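Since the structure comes first, as structure tokens, the remarks are kept for the end.
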Amino acid sequence: MTIYVGNIAYTMTIEDLKQLFLVYGNVTDVKIIVDKQTGKSKGYGFVEMERDEEAENAIRALNDTQVNGRNVKVNNAHRKNTSAAPQE
DNA sequence: GTTGAGCGTT
């Protein structure tokens with residue numbers, strides 16, 4: 001399952017997110033979106049986990065929680081073709 | 001700061 005992580009602090013890195021989600025399950029891939037034009041973080045990223053149940057568990061545990069001083073938004077991704085469900 | 005990018009073998 002691909003998890004969307006938004007409103008994260010610019011200080012948050014891929015390893016930071018990976019460690020956070022690894023507590024709830026094994027993480028297959030972690031990615032933070034960086035603007036190609038500015039080279040800065042866009043403030044959101046994606047985390048891919050093997051088991052959906054662990055992913056949802058991590059979502060419920062980390063969503064709307066303060067990380068690095070920022071209230072992060074964690075939810076299952078609902079766009080692109082990386083989601084478990086088709087896009088309308 | 002709210003739903004990507006990958007640029008060459010993932």
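Naming: A, B, ... by sequence-line order, numbering from 1 per chain. All values reported here derive from a predicted model rather than from experimental measurement.
One interatomic measurement links the two molecules: CD1 of A/Ile59 to P of B/dT3, which rounds to 16 Å at whole-angstrom precision. Rounded to an integer number of Å, the gap from CZ of A/Arg70 to P of B/dG1 is 5 Å. Straight-line distance from the NZ atom of A/Lys36 to the P atom of B/dG6: 6 Å, rounded to whole Å. Rounded to whole Å, atom P of B/dG4 lies 20 Å from atom CE of A/Met12. In this structure, CD1 of A/Ile8 is placed 12 Å from P of B/dG1, rounded to the nearest angstrom. Rounded to whole Å, the distance from NZ on A/Lys40 to P on B/dG1 is 15 Å. Computed from coordinates, the A/Ile14 CD1 to B/dT10 P distance equals 17 Å when rounded to whole Å. Note: OH (A/Tyr44) to P (B/dG4) measures 5 Å, nearest angstrom.
Within the 4.0 Å cut-off from OP1 or OP2 of B/dT2, not a single side-chain nitrogen or oxygen of A/Asn7 is found.
Taking all atoms of both residues into account, the shortest heavy-atom contact from A/Val47 to A/Val5 is CG2-CG2, 3.9 Å.
Side-chain heavy atoms closer than 4.5 Å link hydrophobic residues (I, L, V, M, F, W, Y) into clusters, and following such links, even through other members, never connects A/Tyr10 to A/Tyr4. In the hydrophobic clustering of this structure, A/Val34 does not group with A/Leu17; members are Ile, Leu, Val, Met, Phe, Trp, Tyr whose side-chain heavy atoms approach within less than 4.5 Å, directly or through other members.
Along DNA chain B, the nucleotide closest to A/Ala9 and the one closest to A/Asp29 are compared, and the more 5′ of them pairs with A/Ala9.
Comparing B/dG4 with B/dT10, their C1' atoms are spaced 15 Å from each other, to the whole Å.
Nucleic acid contact for A/Lys42: sugar-phosphate only, since backbone atoms but no base atoms lie under 4.0 Å from a heavy atom of the residue. Using a 4.0 Å heavy-atom distance criterion, A/Ile32 is classed as making no nucleic acid contact. Across all strands shown, A/Tyr4 has heavy atoms under 4.0 Å from base atoms, whether or not it also approaches the sugar-phosphate.
An aromatic stacking contact links A/Phe46 with the base of B/dG4, defined here by ring centres under 5.5 Å apart and ring planes under 30° from parallel.
Nearest nucleotide to the side chain of A/Lys80, out of B/dT2, B/dG4, B/dG1: B/dG4.
Checked against A/Asn68 for a side-chain contact (heavy atoms from CB on, under 4.5 Å), the options A/Ile8, A/Thr11, A/Thr13 give a single hit: A/Thr11.
For the 3.5 Å distance criterion, the side chains of A/Asp64 and A/Asn71 qualify, holding a donor opposite an acceptor.
One donor-acceptor pair, N or O on each side, does fall under 3.5 Å between the base of B/dG1 and the side chain of A/Tyr10.
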